[in-house]
Amino acid sequence: MALNDNNGGDERKPIMPKGNRFALFFFLALIGGFAVLLVTNGKPEVKEKPYSEFLTLLESDSVDWVKIVDHDMIQGATRKPANGEATLFKTLIPYSDTTLMDRLSEKGVRVTGARGNNAGYIILQYVPWLLGIVFLWIMFRQMQGAGNKTFSFGKSRAKLYLDNKKITFADVAGQKEAKYELQEVVEFLKTPEKFIKMGARIPKGILLVGMPGTGKTLLAKAIAGEAGRPFFHMSGSDFVEMFVGVGASRVRDLFEQGRKNAPCILFIDELDAVGRTRGAGYGGGHDEREQTLNQMLVEMDGFDTKDGVIILAATNRPDVLDPALLRPGRFDRQVVVAMPDINEREAILKIHAQKIPLRDNIDLHRIARATPGTSGADLANLVNEAALFAARKNEGTVGMEDFEEARDKVFMGVARRSLALSDEDRMATAFHEAGHALLHYHLEHADPLHKVTIIPHGQALGLALSLPEKDSYSRSRSWMEDRIVISYGGMAAERIQYGETTSGVKNDLEQATGMARRMVCEWGMSDEMGAVSYEQEEGPIFLAKDISRHKDYSEETSKQIDRSIKAILDRGFEKALSLLREHRDQLNILAKELVERETLSDDDIRALLSLPPATSRLSITG
């Protein structure tokens with residue numbers, strides 16, 4: 001989906017509260033004080049001696065040095081004996097001894113002086129304990145106010161979005177059906193008394209289901225913007241932590257916040273992270289994730305419609321959710337947020353293109369045609385890449401060629417123009433891509449060719465791109481068979497020109513084989529196998545659910561399936577060979593022109609081969 005402006009501005013920035021900063025300061029000061037105390041306490045032990053004993057040591061020449069502190073204390077050390085260690089001592093001078101300095105001088109004792117530091121020592125002893133008391137008091141206050149995340153594991157991490165940057169349904173292009181379903185929620189949040197008076201029960205939970213990038217989160221914000229109510233956003237993965245009980249506690253806290261701010265919206269993104277089917281994990285019923293889910297089920301079931309709290313959730317895996325989540329009274333309404341069609345893609349492109357300067361040659365409808373199967377997020381990225389291409393060229397506006405380059409980069413990879421290919425490799429690539437391209441003009445049910453290039457993109461050395469005239473939600477057997485023929489075009493051209501094929505046909509064979517297998521096994525498009533489905537589920541195995549698989553048909557049927565698939569592929573390859581041999585002159589001309597010009601559009605090829613102009617160039621309007 002699309003949005004006029006970036007919606008990041010309405011999110012509160014994570015700024016450390018002032019109380020937390022003071023707590024951090026006192027904590028660091030406490031650590032420093034204890035470190036200093038540890039250092040001072042690590043000094044050697046000092047023995048206190050009487051003054052008379054000190055004089056005896058002095059007369060026996062046993063004193064090495066002394067420090068006189070404030071004229072009334074002596075600190076010193078004895079001389080180191082031959083088989084021992086020096087001893088530190090201190091003594092108080094009980095009276096005014098005027099001959100002390102002369103005696104020290106006669107005995108050769110080193111004398112220094114210092115001022116007393118009793119007050120500083122006392123502070124050094126007790127300040128760390130005072131700081132510790134203050135720190136614990138601050139921590140207690142922070143815990144009471146739930147402002148310190150260090151002691152709030154069980155607090156919800158939901159982010160509150162207010163209407164400082166309002167998002168409405170007008171900012172969401174397309175999705176008419178989804179908007180219609182959600183309009184009831186908006187009306188209930190605005191005027192809940194109207195529904196309560198009629199005895200109607202608004203759905204307590206609404207599950208948005210859709211592929212990634214289709215705009216599920218944007219639609220949820222638009223509901224809050226339309227109703228002008230608070231919007232709490234939290235990811236499913238934010239509930240579960242390594243600590244037992246944290247997830248359930250966060251669920252309780254989230255729903256408590258919703259009750260305090262009612263009427264409001266609680267939006268849980270990626271619900272499948274916490275709402276998977278119970279009993280499917282390694283921890284059994286005591287798994288932390290399952291305890292979180294149990295608490296969520298209890299909270300949702302205990303909600304009363306008069307609370308005015310709407311619970312929205314989004315997922316792209318509704319198949320793995322616990323059935324208890326989807327029952328009436330919980331997530332009892334599912335809203336499908338589908339991929340945009342061609343008209344919706346054009347509307348999305350218009351919204352995003354408002355941010356950038358465009359040239360007059362821009363055809364957004366043609367760009368929408370060239371991007372089937374893309375989501376709103378893909379289209380936003382496409383517009384951004386086009387603007388980046390124009391900026392790199394130092395151009396003031398964005399042109400159609402910038403969008404073409406952006407489309408090629410997003411869907412096929414970066415153009416590798418610096419890749420050094422030999423003339424033989426370039427010619428082989430040209431014949432390969434010419435084989436793909438030429439078949440578009442000689443097959444009745446093929447999509448129109450958009451362009452063909454031998455400029456490497458990503459892992460491919462060349463590309464032939466078709467451009468459907470309209471979105472198709474189902475394909476006929478004729479289209480499938482022609483598509484297989486086109487897939488074999490490169491291989492057939494190599495066989496005709498060189499008598500053998502190269503490793504560059506790997507991706508073509510995978511595409512053709514996969515399509516033929518689905519024709520036989522899923523769509524009943526094989527005369528030999530008939531209208532029977534032999535589909536095997538290919539999704540990832542979910543623990544404790546469909547953990548054992550078996551085929552629903554015999555080995556003989558499996559052999560028949562293989563023969564049917566091979567028959568379809570053989571017919572496609574033979575048809576590709578036949579058509580390219582019949583038009584060998586056009587193949588040679590197209591390949592040589594590709595070597596010279598590297599990229600040819602549909603109009604270029606029609607002019608080169610004297611083909612009639614395209615008959616279907618009309619834009620599709622809704």
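- Note that CE of Met234 and CG of Leu271 are 12.5 Å apart. Values are rounded to the nearest 0.5 Å.
- Note that CZ of Arg369 is 10.5 Å distant from CZ of Arg345, once rounded to the nearest 0.5 Å.
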Hey, can you pull the donor-acceptor pairs under 3.5 Å for the side chains in residues 503-510, sequence neighbours left out?
from	atom 1	to	atom 2	distance (Å)
Lys506	NZ	Glu510	OE2	2.8
Asp508	OD2	His432	NE2	3.0
Asp508	OD2	His436	NE2	3.1

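- Counting non-hydrogen atoms of other residues, nucleotides and ligands closer than 6.0 Å to CG of Asn361 gives a total above 12.
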Please test His440 against His450 for side chain to side chain contact (heavy atoms under 4.5 Å, CB included), starting from the C-alpha separation and ending with a verdict.
CA-CA 10 Å; His440 285 80; His450 176 50; over 6 Å; no
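- Proximity of a side-chain donor or acceptor of Lys179 to a complementary backbone N or O of Val172 within less than 3.5 Å is detected.
- Contact check for Pro372 versus Ile342: no side-chain heavy atoms found under the 4.5 Å cut-off.
- Without hydrogens or angle criteria, Glu344 side chain to Gln175 main chain gives a donor-acceptor distance under 3.5 Å.
- Of the candidates Asp602, Asp603, Asp604, Arg606 forms a side chain to side chain donor-acceptor pair (under 3.5 Å) with just one, namely Asp602.
- A salt bridge links Arg477 with Glu481: at least one charged nitrogen is closer than 4.0 Å to a carboxylate oxygen.
- In this structure Tyr488 satisfies the ring pair (Phe, Tyr, Trp, His ring centres under 6.0 Å) test together with Phe573, sequence neighbours excluded.
- Tested against Leu207, the residues Thr315, Ile268, Ile311 include a single side chain to side chain contact (heavy atoms under 4.5 Å, CB included) partner, Thr315.
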